[in-house]
Amino acid sequence: MNNEATIGHAHVHRDDVGSKMGMWLFLFTELLLFGGMFILYASYRFMYPENFKVAAMHLDTLIGSVNTILLLTSSLTVALSIVALQRKQKMFSVFLLMFTVAAGGAFLVNKFFEWSTKIGHGIYPKGPEMANLSDGEVVFYGLYYVMTGLHALHVIVGLIFIGFMIVFILKGKQTFDNHQKLENAGLYWHLVDIIWIFLFPLFYLIH
Amino acid sequence: MRPDIVRQTDITFIVIVGISFLLLALVTAAMFYFIYKYSRKKNPVATDITGNTTLEILWTAIPLVLVMVMFFFGYSGFKQMRNAPSDAMTVKVTGRMWAWSYEYDNGVKSDTLFVPKGIPIKLELSSADVNHSFYMPAFRVKEDVIPGRKNYMWFDPKEEGRYQVECAEYCGLSHSYMLSQVLVLPAEKFNTWLAESKLKENADTTKMQTDTIKSKQDTLKTK
Amino acid sequence: MDYVSYLDYKGKHKGLLGWILSTDHKRIAILYLVSLVSFFLIAMTIGVLMRLEMLTPGKTIVDPQTYNALFTLHGVIMIFLFIIPGIPVVFGNFFLPIMLGAKDVAFPRLNLLSWYLYIGGAFLVVISLFVGGGPIDTGWTFYVPYSLRTQSNVTLAVFAAFVIGFSSILTGLNFIVTIHRMRCPGMTWFKMPLFVWGLYSTSWIQLLATPVLGITLILIMLERTFGIGIFDPALGGDPLLYQHLFWIYSHPAVYIMVLPAMGLVSEIIPTFSKKDIFGYGPIAMSSLAIAFIGYLVWGHHMFSTGISDTSRAIFSFLTFIVAIPSGVKIFNWVATMYKGSIETRAPFMFVVAFIVIFSIGGLTGLVLGSLNTDIHLTDTYFVVAHFHYVMFGGMGLLFFGGLHYWFPKMFGKMYNERAAKWGLLLFVIGFNTLYFPMFIMGYLGMPRRYYDYLPEYQIYHVISTVGSWILVTGILILVINLIKGLLSKEKYLDPNPWGGTTLEWKVPTPPELENFQEIPTVEHGPYYRDNLIKPENSH
Amino acid sequence: MSENTHIQESSAAELQHPGYGLYILVWAGLVGLTTITVALAGFNLAGLTVVTALAIAIVKSLLVTNYFMHVRTDSPIFKVFIFVCIAIFLTMIVLTFFDLTYRFPLK
Ligand code: HEA
Ligand code: HEA
Ligand code: CUA
Ligand SMILES: [Cu+2]
């Protein structure tokens, strides 16, 4: 996943576009990974429209909205950090990335409380509440846990990437004229954002 | 006239295999002829030919027409398979690991499919556990039996006799032993059987398993 | 000699480490070759055992549970560990950069990582046999709800498939970027060798279809572990949606298997016909067409499952369409031989066998694509015969063909050509004896995945089993012949033994570490020869 | 076909990133759209609920890809890639629904 192709002892010319292309292709696989889940979501929603509405009512729109704003803002700061680096404002760039990490962290904390509440109510696979729910609601919560869980996993991975970028910038490995890694980490983070942009209305808003 | 599924299926098969065989023969013959005619010895220097648009169009268009013919045969036969005649008699079929059971309108249950000759039979398929597939090779029909769903199929028992029923969807340890039979009887004989069985409370039903499997665990100790 | 071949090169690490830590695409290709062939032989041995079991009705050598585990393993290893990675990871890795005039793939370290994932996945498959509930017994399709209910170790096995899938994705990603970014000066898209086109189309399928399988397998793991209700009908799920997702990947996957093989055919035919290929454009585009239309036909595996009648008709229609570009390829290949100057050397004979056997397999695919015949034939031995013809007779045969074609280039050694041809002949005879009776018993109603069968099918099973022995003999001759060639002391350094025109024949045998001392420049199409007679009607 | 010829053009194209201002504007747009979609969810739009929510989500994701992910200014090959990827995903959904729609007919 690197732009420097080192073979044996010789260096191939650095290929930023190639590196970016690799990242995009990787994003497509992520997209289709979630794509499979979206197909399932669409299908089950089609089969159980009423149950899905009922179940969606029980998710907290406020937490969802706050989380949406958090991710959007963290996406903004990643984009800005690249501009900052290009303008040689190294510390500002690091600061922006740290903001991203903070926002991403806050997103996860929210998610944690959201899940805990649900689990507290006995709504989890094999949980005591599940037996009282209709088939459609069981499937809804199944999808809810898997899709938001998978998404949260991606948030964590994205945060680790960005953490590395902070280190790289500080160590001078990502600089104003050589920052493809930062760009790639940014692309990944934006993808995580985009997936949430779809998860949010599908789970929290469709009443 | 009722549609003849067996015949239709066999015709489609012959049409497709026939066309295929011709194409295969053509391709193979041409290839071996070229290998022989233009061998290194006979033709030391090759001719520089890189393509021909007319040919490309031809060998896209002709196969296209041919496969449309095939599709048409397959589709029209299929439509008949899916439209059970309105005078069909309905029998409920349940698949479970690893046996078939049949239930008639009057509540009689059996583990052999008794049917009257000459009356089309519509089968309603449901499963008590995993996927199975109800397959009667002699009648060229099969349909999967999926838990949580009701599938259907129909067939036309024209001749008296015994026919094989097989489970065609892998369903675990004894998949290959999940066999049963269709017994096509003359109408009067069938009616007597049905009435007598009703009186005898499932007398002809050998060791039916009636426990529908509810709990998810332990249904499938395959070891 | 002013160059060091990739085989002799001494890097940071010595011995085995110099191989398993090398990011050189050629060494990685050899790593893959060794691991792939090992799994192939294991799975083939299982195949022969299965045939032995089917020799007589009732128990011949194993009990039902073992048989169920055997065909599952046979399928899983063949599909995920041999035929899907198959040609791309071995010949693609070795020759793609050379054919493009590049020094390596775009991401060499990622390439090595792919191999580790592949081996890791294979390792997990092996572990899954011994822990938990024992060897998986679901068939390679892992259909729910059986795969959710069985006690065997499905969870670990599907995780293994997931890991191998990830390896496949990374290889595809690497190749796409390589093809986009690393072509040497002058090599435009339509001057790329057709093998590269095959790999390019394949890579897109690997990239975009594999994730769907990945998530499906993860869901099975989650359902088994946590009891989440997604596919389980007892919890409101729909087993048919599982099948949709599975085949959304697994149908395109059959083109992952065959497109690189078709690319290889397009290399071998012009080389031995000593002329340019007929219809370069149509062949290249038909690869893309197959790749794309291949996404649209998965429902033909579900014709009898109770999906809606409308969708069955649509899928059947599209299935017929996908046969057209395959036909275009076949016709162009045969046309290439026309007025050629054909040398019937061993690699060429593999292609001849391929064209016939693959056509039989493909054409019987049409019988399965047609609605009413498929309803009769699905899940019978007819299907088993179909896919062995296309997979084994298609890709498997060409895997051997590729080995014979590129063997001297890869190893700087030569095999005995007579022995290779005899091996091939036995292979073809054995192959047809083994699989042709399966078409017949399929039509007579012999279901697949049957441990036991009714006595009326025995005669076909016996013929088939005998065929498997002939086939074994053929393959043993081929394999031993190659190994003998490999071990022989005699070096074979002719850079271009067959008179090929693509770039790999212009570098020394075996190639050096970075393939080219100087990046080449390309002027002509890949199969251009300037000594040919001009056709009469050309002016 | 010139996106590759050789690997030289690397960073020149990269340098024309937009400034801070544009990004902040895009962000404001995204937040605005979020507010709208949440607000709309309060109303009962009957059959249109899904459509509007998805439409807004699509607009938002277009903003993110085009601006934050620079697709607008990048080489057109990325647009082609994205198009192929989305097209294939959509065909998967459409073909699945040919089954579902007729399997569970709408009342
Ligand atoms: C390498 C792998 C490979 C390839 C290339 C193919 C190619 C094709 N396959 Fe096959 N198939 C499998 C591997 C493959 N298949 C496997 C593994 C299964 C079973 C999975 C399982 O259940 O375990 C399967 C199952 C399978 C089924 C489902 C059967 C069932 O379970 O009911 C169907 C149904 O339509 C089908 C059809 C086709 C068709 C139409 C093609 C076409 O692409 C073939 C195109 C080629 C030709 C047509 C021949 C060449 C052309 C000519 C000589 C001239 C042109 C002529 C005309 C167009 C008329 N295949
Ligand atoms: C590339 C794919 C591939 C290949 C090459 C093969 C090769 C063979 N397969 Fe196949 N097969 C599948 C893929 C493949 N198979 C798949 C996907 C299934 C479906 C599984 C499922 O239903 O889930 C299947 C299912 C399948 C069945 C159906 C099982 C059933 O439904 O009940 C049968 C039955 O005969 C069979 C037999 C064989 C045989 C005899 C070979 C022969 O070609 C093998 C020939 C073997 C040799 C020639 C061995 C030679 C070498 C040695 C003996 C040396 C050994 C030495 C050492 C190990 C050092 N296979
Ligand atoms: Cu029931 Cu197989
Ligand atoms: Cu298929």
Side-chain angles (χ1 to χ4, degrees), chain B residues 8-9 12-13 16 20 24 27-28 30-31 34-35 38-40 43-51 56 59-60 63-64 67 70-71 74-75 77-78 81-82 130-131 133 135 137 140-144 146-149 151 166 168-173 175-177 216 219-223, chain C residues 64-65 137 139 143 145-146 149-151 233-234 239-240 273-276 278-279 282 304-306 309 313 316-317 320 323-324 327-328 330-331 334 337-344 352 355-356 359-360 363 366-367 370-373 375-376 379 444-445 447 449-452 532-535:
Chain B
Q8 275 293 331
T9 310
T12 313
F13 184 75
I16 300 182
S20 300
L24 181 71
V27 166
T28 315
M31 181 169 69
F34 292 159
I35 293 175
Y38 303 110
S39 69
R40 199 94 244 246
N43 190 29
V45 186
T47 311
D48 193 20
I49 306 172
T50 53
E56 300 292 346
W59 62 48
T60 312
L64 193 64
V67 294
M70 297 177 188
F71 171 75
Y75 180 66
F78 169 72
M81 282 183 176
R82 301 304 295 161
V130 301
N131 301 350
S133 187
Y135 181 29
R140 309 287 189 274
V141 284
K142 95 159 61 72
E143 185 81 4
D144 287 7
I146 309 276
R149 291 187 47 76
N151 285 347
E166 300 170 317
E169 181 64 61
Y170 176 69
C171 55
L173 189 65
H175 166 57
S176 65
Y177 295 107
K216 193 172 141 192
T219 55
L220 233 180
K221 285 255 162 48
T222 47
K223 299 212 105 178
Chain C
Q65 184 62 28
D137 65 343
Y143 273 7
Y146 185 73
R149 306 271 199 277
T150 174
Q151 310 288 309
L240 294 192
S273 303
K274 306 287 176 218
K275 71 182 278 291
D276 207 328
F278 188 97
S304 73
T305 53
D309 293 352
S316 167
F317 182 83
F320 281 111
I324 305 293
V328 167
I330 301 257
F331 296 131
V334 174
M337 298 176 193
Y338 174 67
K339 294 206 171 172
S341 174
I342 299 169
E343 269 186 303
T344 46
V352 171
I355 290 182
V356 179
S359 291
I360 298 178
L363 292 165
L366 298 175
V367 178
S370 148
L371 283 165
N372 61 350
T373 38
I375 293 212
H376 173 44
D379 279 316
L444 296 180
R449 294 169 174 173
Y450 258 33
Y451 165 74
D452 201 352
L532 301 183
I533 304 174
K534 293 283 162 255

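Naming: A, B, ... by sequence-line order, numbering from 1 per chain.
The parts of Glu166(B) that come within reach of chain C are both its backbone and its side chain, each placing non-hydrogen atoms under 4.5 angstrom from that chain. Interface residue Met81(B): only side-chain heavy atoms are found under 4.5 Å from chain C. Heavy atoms of Pro239(C) lying under 4.5 Å from chain B belong exclusively to its side chain. Looking at Ile324(C), the atoms closer than 4.5 Å to chain B (heavy atoms on both sides) all sit in the side chain, from C-beta outward. With a 4.5 Å cut-off on non-hydrogen atoms, Tyr135(B) touches chain C through its side chain but not through its backbone. With a 4.5 angstrom heavy-atom cutoff, Asn131(B) touches chain C via backbone and side-chain atoms both. Contact annotation for Ile35(B): both backbone and side-chain heavy atoms come within less than 4.5 Å of a heavy atom of chain C. For Pro63(B), the parts lying near chain C are the backbone and the side chain together; criterion is any non-hydrogen pair under 4.5 Å.
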**Message:** Applying side-chain contact (heavy atoms from CB on, under 4.5 Å) to Ser304(C) and Lys142(B), what does each step give before you reach the verdict?
**Reply:** CA-CA 7 Å; Ser304(C) 73; Lys142(B) 95 159 61 72; 4.2 Å; yes
**Chi angles and distances behind the side-chain contact (heavy atoms from CB on, under 4.5 Å) call for Ser316(C), Phe71(B)** = CA-CA 7 Å; Ser316(C) 167; Phe71(B) 171 75; 3.4 Å; yes
**Item:** Full working for side-chain contact (heavy atoms from CB on, under 4.5 Å) between Tyr143(C) and Glu169(B)
**Value:** CA-CA 10 Å; Tyr143(C) 273 7; Glu169(B) 181 64 61; 3.4 Å; yes
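Among Pro147(B), Ala30(B), Gly148(B), Pro44(B), the residue making the largest number of heavy-atom pairs under 4.5 Å with chain C is Pro147(B).
There is no side-chain donor-acceptor pair under 3.5 Å between Asn43(B) and Ser341(C).
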